[in-house]
Each structure stands twice: as C-alpha cells, then as structure tokens.
Peer 1: 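Handing you this structure, nothing more for now.
All heavy atoms count here, side chains included; hydrogens, waters and symmetry mates do not.
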Amino acid sequence: MSFFIKYVKRAAVVMLALITVILSVSPYTGTGYVNAAGTPEAKNVSTNLWGSGGQISFDLSGCDGYMTITVVVEFNANVNSPSGWGFDTYTANGQQVTATVKADGANSWGFNSNVGIQVSGSGINSAKVVSVSGSGTYSGNSNNNNNNNSNNQNNNQNNQNNDQNNASKPEFSSPAVSTYGTAGDDWLTTSGAKIVDMNGNEVWLTGCNWFGYNTGTNLFDGLWNAELESSVKAIADHGFNLLRVPMSAELLLEWKKGSYPTANYNHAYNGNLNSLNSLEIFDYVLTLCEQNGIKVMVDIHSANTDASGHNHPVWYTDKISEDQYIEALKWLAERYKNYDTIIAYDLKNEPHGKASEQTHAIWNNSDDKNNWKRVAEKAGNAILDINPHALIVIEGIQIYPTNPSSNNFTSTNDADYYNTWWGGNLMAVKDYPIDFGSESRNRQIVYSPHDYGPLVYEQPWFTGGFTYESLYKDAWHPYWLYIEEDGIAPILIGEWGGFMQGDNLKWMEYIRDLIGKENLHHTFWCFNANSGDTGGLVKDDFKTWDEEKYALVKPVLWADDAGKFISLDHVVALGANGISLSDYSGNAPKPVINDGTVTETEEPVIETNDNTVADTPSDVEVVVADTAVDQAANANDSDPMNITPDNPTEKKGISLGLLVVLLVVAVALLGLVIIMNYHNIKKLRSSDEFDEKIVLDDDYDNSDKK
C-alpha cells in the first residue's frame with residue numbers, strides 16, 4: 001500500500017509543479033492579449049496646419065491587450081469641431097483634443113494603425129501629441145496590422161456599413177483602364193463657344209467639386225465619416241456628370257517617384273480601400289466614377305500639399321519649382337492618356353495677387369516668371385504632346401491694367417487695375433489669348449473663371465444692392481462672359497456656390513439663372529461640408545444632402561425632357577436616374593429659363609473708380625463637421641484620467657477558459673498515473689517478489705524517517 005501511496009505522492013508533486021508553472025506564466029500568456037505587449041505610443045507624427053484649422057496624424061502602436069486607447073493632442077490655439085479617423089470619440093477642451101477608441105468598437109481598426117484628428121480654430125500653426133495611454137483589458141482579437149492595412153476587413157463585424165464593405169469591389173486596375181464604357185469614345189473638343197463630343201454634338205458639363213487630395217487627406221475629405229462607394233454613387237444619382245478633383249502637384253510627384261502618402265479615412269467604413277495604397281485608391285475612385293457615368297477634371301489646386309496652399313498666388317513655391325509643377329501634369333497625362341474618364345485638366349487653381357503685392361500673377365506676352373499666359377501655354381502643350389484629346393482648362397488671374405498700352409503690368413498701384421475674384425479675371429484673353437500653336441490644339445481650350453457672392457467677400461458691385469442686370473454689367477460680362485458671347489471659346493465656371501441666406505442666396509439664384517440661360521459649363525463648389533465660407537451639398541455627416549441647396553442647383557444639371565440626367569459617357573448612364581450620352585436624342589442642351597432671368601442685356605460700362613478685391617480665398621477649408629464617427633461617446637471616456645476598465649478587478653492574468661483547460665489536462669494526467677500504478681500493483685501482487693518488495697520499501701521508508 002505504501003508503494004501505491006508513494007507514486008500518488010510523486011504524481012501530486014508533478015501536478016502541483018505544473019499548476020505552479022501555469023500560474024506563474026499566466027500573466028504573459030493567453031489568446032486574449034490581456035497584458036499589452038508594450039506601451040501604447042504614437043509614431044510617425046505628421047501635421048498639416050492652415051491657420052483656420054489643421055490635422056495631426058500618427059501611427060498607433062503597442063495597443064494590444066487594452067480595451068480603450070486614449071490620445072490627447074494639443075494645438076497652439078483653442079480648437080473646436082474635432083473630428084478625424086480611427087477614433088470613436090473626439091472631445092475638445094481649449095487647446096486640447098481627447099480622442100478614444102475601443103478594441104471592440106466600430107473603429108477597432110485604429111489599434112496599431114494610422115489615425116488622425118482634425119480641428120478648426122484660429123491661428124493654428126502647431127500641434128503635438130501630449131499622451132497616449134491604454135486602460136482596461138480586452139480578450140478578443142484586436143487589430144494587429146502594424147499599419148499595413150492588410151487585415152482590417154476582419155475588424156468590421158460591428159460596423160454599420162458592414163454589408164457595403166463586404167460587397168465585392170468593381171473591377172478595376174492600377175493604372176485605371178476603361179472597364180465599364182468604351183475606351184476612347186468620350187473625348188471632347190470645342191467648336192466656338194461650345195464643347196462637343198466626337199460626333200460634333202454639343203454637350204453640357206454640369207458638375208461639382210470634392211476636395212481633399214490637396215489638403216493632406218490624400219483622398220476626398222469626409223471619408224472619416226462617410227463611405228466612398230455610396231458617396232460617388234449619390235453624386236451621380238443627383239445628376240452631376242463631372243467631378244472636379246482638387247489635387248496638389250506635390251502629391252502627384254510623390255506618386256511619380258513611387259512614394260504613397262497615407263490616405264486618411266475611416267478604415268471601418270471603407271474596408272474596400274484597406275489593402276490599397278493612396279495611388280491605387282485614386283485609380284479605384286476613377287473606376288467608381290466610370291462605373292457611375294461621371295467624368296473627371298483634375299485641378300492642380302496648389303503646388304504644395306496644404307489645405308491653405310491655394311492662398312499662394314502662383315504655381316511655384318520654394319518647395320515645388322515651375323518645372324516640377326509641369327512635370328506633375330505630364331506624369332498624370334501620361335498615366336491616363338488612354339483613359340477617357342479624365343477628360344480635362346484645370347492647369348492651376350486661382351492664380352492671383354494684387355499689383356501692390358510682391359508676388360502676383362500677370363497675363364501678357366512677356367517672359368516674366370509670373371506670366372500666367374506663358375506658363376499656361378507651356379503646361380497645356382506638355383499635356384497635349386501626350387494626349388491631344390484632353391480639354392485644357394485655363395483660369396484667369398486677379399488683375400488687369402485699366403490701360404494696357406501705358407501699363408503692361410508695370411505699375412504697382414492697385415488703382416491702375418481692374419480687380420475681381422482670384423482666378424476670375426480673364427480680360428487679358430481679348431488682347432493675349434492662349435495659343436497652343438495650332439488650330440487643332442486651340443480647340444482644346446476652355447476658359448474657367450470663379451465667381452462668388454457677398455458672404456465670401458463684399459465686392460464693390462454688391463455694395464448698395466445689386467440686380468441680375470447690374471451683376472452682368474459690373475462683373476460677369478467684362479471679366480469673362482464676353483469670351484462665350486463672342487464665340488472665342490467655351491466658359492466653364494469652375495467654382496460657384498455659398499450659403500443659402502440673404503443677399504448671398506439672391507446672388508446664387510442670379511448666377512444659376514445665367515448658367516441656365518447661356519448653358520454655361522460649371523462645377524459647383526462644393527460637395528464637401530467642410531468648406532468654411534460656402535458649406536456644401538452635404539451636411540456635416542457627409543451623408544445627408546442639403547436638399548434646399550440641391551434644389552437650387554438641380555435646374556442647371558443636364559437632363560432630358562423626362563428629367564433623366566445625361567451622362568458624358570456614350571455607354572454608361574449617369575447614376576440610377578440618368579441615361580448615357582448615346583441615349584440622348586436632343587441635338588443640343590436646352591437653355592434653362594427661370595423666373596426673373598433677364599433675356600436682353602445692355603453692353604457693359606466698366607467702372608474703374610473702385611478696384612477693391614477679396615483678400616480672402618474663395619475656398620477656405622475650415623472644418624465645421626461634428627464628431628467624425630456616428631457613435632455616441634461612452635460616459636466613462638469623457639475624462640481620460642478617470643476611465644473605468646472593463647475588468648473592474650484589474651487582474652492581469654491568464655484567461656479563465658485557458659486555466660480550466662489546463663486544470664483538466666492536469667487532472668487527466670494524474671488519473672493516468674493512478675491507473676498505471678494500479679496495474680503495476682496488481683502485477684507485483686501476482687509475483688513471488690511482492691512480499692520482499694514490500695519489506696524493502698518499508699525498510700526504505702523507516703530509514704528515511706530516522
């Protein structure tokens with residue numbers, strides 16, 4: 001019997017040793033990553049600041065094992081309207097923003113991934129990460145993609161857009177190629193003041209703007225709260241057949257050299273993008289546009305990637321030279337020369353500057369480095385050398401001499417010039433038209449002014465009240481409309497829009513009526529909610545359309561008599577409510593005459609006594625959006641210093657399930673030992689040596705006790 005007890009004791013010792021080892025290593029084991037592998041931290045911090053707002057982005061790391069990650073960032077001035085990507089909640093308090101993300105929330109992809117915070121304010125020129133902390137424990141699978149975005153789709157099970165993200169992508173390639181339409185059948189050219197298709201039939205470009213590729217988002221703004229596929233579809237369904245895409249020359253040059261700045265968006269809402277770099281995402285965007293019947297006009301909005309980059313008056317900076325600016329356009333034209341979803345290139349957004357300012361754009365026949373005519377001809381020809389079918393869209397400048405014969409941009413006195421909106425002065429076309437060197441190339445020219453209402457700036461023609469007739473006489477005809485009326489070239493108003501109130505609403509109705517009456521091509525500013533001085537077609541959530549504003553724009557979207565929106569693609573219909581260009585039976589767009597539109601207008605008389613001009617840009621991109629993610633903040637998350645962990649006992653140990661399994665294994669091993677010894681005992685009892693063995697064992701036990 002003592003022999004049996006001895007083996008049981010030895011088995012018990014083994015079992016206890018095993019349990020001791022299990023318990024000792026339990027804080028470092030387990031499938032739930034209960035204890036974080038490291039300290040949460042922010043790496044690769046990047047800022048993009050523009051005075052009236054800014055972004056700070058970084059890569060989170062060391063997040064595994066925590067339930068909640070809390071980040072505090074600090075700006076140099078008070079901020080408001082915090083939003084961003086990768087977090088569940090954003091709270092502003094003075095100069096600081098506290099952002100949190102949960103391991104089991106819709107934005108769990110933010111763990112160990114690129115995240116960002118965006119704010120609005122005043123005088124914002126610096127930002128830093130103050131702290132990154134983790135709290136609580138989490139036993140599920142948190143995102144462990146280390147910013148390569150390859151596994152983020154697995155974290156979207158709780159996302160409200162899960163069904164959309166699980167849908168297969170449209171067929172696309174990088175670079176983008178024609179997949180839904182017919183390659184090469186949609187290029188456009190001009191005939192006098194009209195834009196026509198390959199068959200000579202007149203078309204009407206009626207689109208909108210969506211910025212973000214110029215700001216440092218490296219993608220459309222708003223996708224921190226909206227979903228790309230449904231947003232593009234909504235633009236098509238609402239009847240916009242052209243999308244003007246503001247971009248920076250710097251971003252294009254980065255793509256050219258094989259560097260892909262991070263596209264900042266909500267990975268949970270846009271799971272289809274997670275395995276793509278920013279250039280591949282752009283190709284996917286182009287494919288979505290093609291699939292929905294939308295054509296694209298690329299706009300070099302700024303040289304540098306900077307949301308306030310359009311404030312710089314010319315096309316070169318200390319970072320991007322004139323040659324690099326043109327190189328960016330050439331690379332883009334080469335990449336998409338056989339892809340007629342991109343039908344137009346807006347060479348540069350809003351060249352400007354007053355005569356009294358040291359750097360300002362001019363327009364004459366000189367070799368001056370700031371001569372926009374010289375550079376526009378150089379850039380346009382560089383594109384046409386590669387793709388002779390592209391439309392070359394050329395904006396105006398800000399000033400033009402009142403007496404060009406005596407002042408060929410030599411005076412620095414502002415009173416010697418006609419002043420208007422940035423990019424809105426095309427008076428020089430009368431004296432110095434753009435010339436690409438051949439008749440066929442010149443047929444690709446489209447001139448593009450920008451025009452805004454009094455809420456953007458109180459121009460002199462708004463003072464004391466205004467009418468449709470006065471706007472025609474004081475602003476539209478002398479600065480740019482004469483080009484269309486005289487049959488010189490088509491006009492495309494690249495930006496117009498604003499808030500729907502007071503005199504600004506009256507101005508919007510008047511210019512809408514002008515667009516309809518003259519069938520002027522246009523791209524409305526803008527889709528974005530976060531354009532501070534105009535608002536957008538969508539509200540702060542980037543999903544809900546502003547129906548009042550859309551109702552104002554809708555009459556000047558190209559549609560047939562049945563109300564079907566008309567695509568610029570000969571094969572693909574425009575959204576769910578449209579038709580293809582081949583399905584349109586009309587010979588030309590029909591003028592839209594609204595109540596109050598003047599049908600006869602006197603020749604303009606240009607006044608020169610007041611040349612005040614807006615010093616503020618027409619598209620200041622100030623964030624006005626609310627929280628970027630449709631998820632209510634947890635009450636315990638509002639104070640990062642007082643977060644209640646989901647494990648109230650703060651235990652850092654092995655998960656209960658694993659402990660039970662190990663104990664079961666230990667008991668099973670003990671049982672096996674007992675069974676084996678039981679058979680040994682039976683065997684010994686059946687032998688002659690059994691009694692002798694018992695005696696020897698007893699003697700051993702007694703000697704051990706002495």
Peer 1: Judged by atom type as modelled, is there a donor-acceptor pair below 3.5 Å linking the side chain of Asn387 to the main-chain atoms of Ala333?
Peer 2: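 Answer holds: no.
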Peer 1: Please report the closest heavy-atom contact between Cys289 and Val296, naming both atoms and the distance.
Peer 2: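 The answer is SG-CG2, 3.9 Å.
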Peer 1: For salt bridge (charged side-chain N to carboxylate O under 4.0 Å, His left out), just list the numbers for Glu254 and Lys257, CA-CA rounded to whole Å, side-chain angles, deciding distance to a tenth of an Å, and then say yes or no.
Peer 2: CA-CA 5 Å; Glu254 287 294 310; Lys257 68 182 184 181; 3.1 Å; yes
Peer 1: Which one of Trp496, Tyr452, Phe240 satisfies the ring pair (Phe, Tyr, Trp, His ring centres under 6.0 Å) criterion with Phe524?
Peer 2: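 Passing option: Trp496.
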Peer 1: Do the non-hydrogen side-chain atoms of Trp315 and Ile300 ever get within less than 4.5 Å of each other?
Peer 2: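 The answer is no; the side chains never approach within 4.5 Å.
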Peer 1: Verify side chain to side chain contact (heavy atoms under 4.5 Å, CB included) between His521 and Ile491, making sure each step is shown before the conclusion.
Peer 2: CA-CA 6 Å; His521 309 279; Ile491 285 291; over 6 Å; no
Peer 1: What pairs of residues pass the salt bridge (charged side-chain N to carboxylate O under 4.0 Å, His left out) test when at least one of them lies in residues 273-287, not counting sequence neighbours?
Peer 2: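 Of all non-adjacent pairs touching residues 273-287, those that pass salt bridge (charged side-chain N to carboxylate O under 4.0 Å, His left out) are Asp283-Arg335.
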Peer 1: Is there side-chain contact between Leu288 and Pro170, with heavy atoms separated by less than 4.5 Å?
Peer 2: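 Sidechains of Pro170 and Leu288: in contact.
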Peer 1: Under a 3.5 Å distance rule, please check whether Thr179 uses its side chain to pair with a backbone N or O of Val177 as donor and acceptor.
Peer 2: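 Judged by distance alone, yes, a pair lies under 3.5 Å.
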Peer 1: According to the salt bridge (charged side-chain N to carboxylate O under 4.0 Å, His left out) rule, which pairs have a member within residues 566-593, sequence neighbours left out?
Peer 2: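 Only Lys295-Asp569, Asp561-Lys590 qualify under salt bridge (charged side-chain N to carboxylate O under 4.0 Å, His left out).
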Peer 1: For Asn270 and Leu223, indicate whether the former's side chain and the latter's backbone hold a donor-acceptor pair under 3.5 Å.
Peer 2: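 Such a contact is found between Asn270 side chain and Leu223 backbone.
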Peer 1: Just to verify, what does Lys337 make a salt bridge (charged side-chain N to carboxylate O under 4.0 Å, His left out) with, not counting sequence neighbours?
Peer 2: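 For Lys337 the salt bridge (charged side-chain N to carboxylate O under 4.0 Å, His left out) partners, ignoring immediate neighbours, are Glu334.
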Peer 1: Kindly determine whether His301 and Trp525 satisfy ring pair (Phe, Tyr, Trp, His ring centres under 6.0 Å), including the steps that lead there.
Peer 2: CA-CA 13 Å; His301 211 68; Trp525 187 272; 5.8 Å; yes
Peer 1: Answer yes or no: is there a donor N or O on one side and an acceptor on the other, between the side chain of Asn442 and the main chain of Phe436, under 3.5 Å?
Peer 2: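 Side chain of Asn442 to backbone of Phe436, a donor-acceptor pair under 3.5 Å: yes, one is there.
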Peer 1: What I'd like to find out is whether the side chain of Asn530 reaches to under 4.5 Å of the side chain of Phe211, using heavy atoms alone.
Peer 2: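 They are in side-chain contact.
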Peer 1: Any side-chain heavy atom of Asp340 sitting closer than 4.5 Å to one from His389?
Peer 2: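 Answer no - side chains too far apart.
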Peer 1: Nearest heavy-atom pair of Tyr339 and Leu286: which atoms, and what distance?
Peer 2: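 In this case the closest contact between Tyr339 and Leu286 is OH-O, 3.3 Å.
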Peer 1: Mind checking whether Leu219 and Leu273 have side chains closer than 4.5 Å, heavy atoms only?
Peer 2: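 In short, these two side chains touch, coming nearer than 4.5 Å.
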Peer 1: Can you name the nearest heavy-atom pair linking Thr206 to Val556, along with the distance?
Peer 2: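 Smallest heavy-atom distance, with atoms named: CG2-O, 3.2 Å.
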Peer 1: I need the full list of side chain to side chain donor-acceptor pair (under 3.5 Å) pairs touching residues 190-203, with sequence neighbours left out, sorted by first then second residue.
Peer 2: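 Every side chain to side chain donor-acceptor pair (under 3.5 Å) pair that includes a residue of residues 190-203, provided the two are not neighbours, is Asp197-His570.
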Peer 1: For the pair Trp363 and Asn425, evaluate side chain to side chain contact (heavy atoms under 4.5 Å, CB included) and give the outcome as yes or no after the intermediate values.
Peer 2: CA-CA 10 Å; Trp363 189 318; Asn425 196 327; over 6 Å; no
Peer 1: Just by distance, do the side chain of Trp210 and the backbone of Leu243 share a donor-acceptor pair under 3.5 Å?
Peer 2: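 Looks like no, no N/O pair under 3.5 Å.
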Peer 1: Rounded at 0.5 Å granularity, tell me how far CG in Leu568 sits from CD1 in Ile343.
Peer 2: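 Answer rounded to 0.5 Å: 5.5 Å.
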Peer 1: Nearest heavy-atom pair of Ala226 and Asp541: which atoms, and what distance?
Peer 2: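 Closest approach of Ala226 to Asp541: CB-O, 4.4 Å.
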Peer 1: Once you round to the nearest 0.5 Å, how far does CD1 of Ile515 lie from CG of Leu557?
Peer 2: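 Nearest 0.5 Å value for the CD1-CG distance: 10.0 Å.
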Peer 1: I'd like to know if the side chain of Ser567 reaches the main chain of Val572, judged simply by a donor and an acceptor atom lying under 3.5 Å from each other, with no hydrogens or angles considered.
Peer 2: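 The answer is yes, because a donor-acceptor pair under 3.5 Å joins these two groups.
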Peer 1: Which atom pair, heavy atoms only, marks the closest approach of Gly497 to Trp507?
Peer 2: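 Gly497 and Trp507 have their closest heavy atoms at O-CZ3, 3.5 Å.
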Peer 1: For Leu492, is there any backbone N or O sitting under 3.5 Å from a side-chain donor or acceptor partner on Ser448?
Peer 2: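 The answer is yes, because a donor-acceptor pair under 3.5 Å joins these two groups.
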Peer 1: Is a donor from one side chain sitting under 3.5 angstrom from an acceptor on the other, for Asp306 and Ser308?
Peer 2: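 On atom types as modelled, these side chains qualify, holding a pair under 3.5 Å.
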Peer 1: Show me the donor-acceptor pairs, under 3.5 Å and distance only, between side chains in residues 547-555 and residues at least two apart or in other chains.
Peer 2:
| residue | atom | partner | partner atom | Å |
| --- | --- | --- | --- | --- |
| Lys549 | NZ | Gly498 | O | 2.9 |
| Lys549 | NZ | Thr534 | O | 2.9 |
| Tyr550 | OH | His238 | O | 2.7 |

Peer 1: What pairs with Glu439 under side-chain contact (heavy atoms from CB on, under 4.5 Å), at least two apart in sequence or on another chain?
Peer 2: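 Glu439 satisfies side-chain contact (heavy atoms from CB on, under 4.5 Å) with Arg443 only.
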Peer 1: Test of understanding: with side chain to side chain donor-acceptor pair (under 3.5 Å), list the residues that count as partners of Lys233, not counting sequence neighbours.
Peer 2: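 For Lys233 the side chain to side chain donor-acceptor pair (under 3.5 Å) partners, ignoring immediate neighbours, are Asp237.
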Peer 1: Assess whether side chain to side chain contact (heavy atoms under 4.5 Å, CB included) is satisfied between Tyr468 and Leu514, documenting all intermediate values.
Peer 2: CA-CA 9 Å; Tyr468 181 97; Leu514 175 71; 3.5 Å; yes
Peer 1: Is the closest side-chain heavy-atom distance between Thr305 and Asn218 below 4.5 Å?
Peer 2: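 In short, these two side chains touch, coming nearer than 4.5 Å.
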Peer 1: Is it the case that the side chain of His312 and the backbone of Tyr316 share a donor-acceptor pair, with hydrogens and angles ignored and the cut-off at 3.5 Å?
Peer 2: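 The answer is yes, because a donor-acceptor pair under 3.5 Å joins these two groups.
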Peer 1: List for me each residue that meets side chain to side chain donor-acceptor pair (under 3.5 Å) alongside Trp480, sequence neighbours excluded, and say none if there are none.
Peer 2: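 For Trp480 there are no side chain to side chain donor-acceptor pair (under 3.5 Å) partners, ignoring immediate neighbours.
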Peer 1: Under the side chain to side chain contact (heavy atoms under 4.5 Å, CB included) rule, what do Tyr325 and Leu347 come out as? Steps first, then yes or no, please.
Peer 2: CA-CA 10 Å; Tyr325 151 74; Leu347 296 181; 3.7 Å; yes
Peer 1: Does Ser231 have any side chain to side chain donor-acceptor pair (under 3.5 Å) partners at least two apart in sequence or in another chain, and if so, which?
Peer 2: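 By the side chain to side chain donor-acceptor pair (under 3.5 Å) rule, Ser231 matches no residue at all.
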Peer 1: Under the rule for salt bridge (charged side-chain N to carboxylate O under 4.0 Å, His left out), what residues qualify as partners of Asp385, not counting sequence neighbours?
Peer 2: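 Per chain and number, Asp385 pairs via salt bridge (charged side-chain N to carboxylate O under 4.0 Å, His left out) with Arg441.
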Peer 1: Which label fits Tyr284 and Phe172: parallel for a plane angle under 30°, tilted from 30 to 60°, or perpendicular past 60°?
Peer 2: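 It falls in the tilted class, 30° to 60°.
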Peer 1: Taking the side chain from Asn214 and the backbone from Met247, do they hold a donor-acceptor pair closer than 3.5 Å?
Peer 2: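 No, Asn214 side chain to Met247 backbone: no donor-acceptor pair under 3.5 Å.
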Peer 1: Hey, can you tell me if Tyr472 and His477 have their rings parallel, tilted or perpendicular (30° and 60° cut-offs)?
Peer 2: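 If you compare the ring of Tyr472 with that of His477, the planes turn out tilted.
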Peer 1: What are the two closest heavy atoms between Ala249 and Ile320, and how far apart are they?
Peer 2: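 In terms of heavy atoms, the two residues are closest at CB-CG2, 4.4 Å.
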Peer 1: Within the structure provided, determine whether Leu228 and Asn272 are in side-chain contact (heavy-atom separation under 4.5 Å).
Peer 2: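 Result no, sub-4.5 Å side-chain heavy-atom pair not found.
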Peer 1: Who pairs with Lys378 by side-chain contact (heavy atoms from CB on, under 4.5 Å), at least two apart in sequence or on another chain?
Peer 2: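 So Lys378 forms a side-chain contact (heavy atoms from CB on, under 4.5 Å) with Glu322, Asp323, Ile326.
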Peer 1: Quick check against the 3.5 Å criterion: does Asn241 have a side-chain atom that pairs as donor or acceptor with the backbone of Trp204?
Peer 2: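 Yes; judged by distance alone, with no hydrogens or angles, the pair exists.
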Peer 1: Could you tell me whether the side chain of Lys564 reaches within less than 4.5 Å of the side chain of Asn577, counting heavy atoms only?
Peer 2: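 Not in contact.
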Peer 1: Decide side chain to side chain donor-acceptor pair (under 3.5 Å) for Ser531 and Asn528; before the verdict, give the C-alpha distance in whole Å, the side-chain angles of both, and the deciding distance to 0.1 Å.
Peer 2: CA-CA 6 Å; Ser531 178; Asn528 302 60; over 6 Å; no
Peer 1: Residues in side chain to side chain donor-acceptor pair (under 3.5 Å) with Glu395, at least two apart?
Peer 2: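 By the side chain to side chain donor-acceptor pair (under 3.5 Å) rule, Glu395 matches Arg244, His450.
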Peer 1: Please confirm whether Phe220 and Phe527 have ring centers closer than 6.0 angstrom.
Peer 2: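 Centroid separation for Phe220 and Phe527: 6.0 Å or greater.
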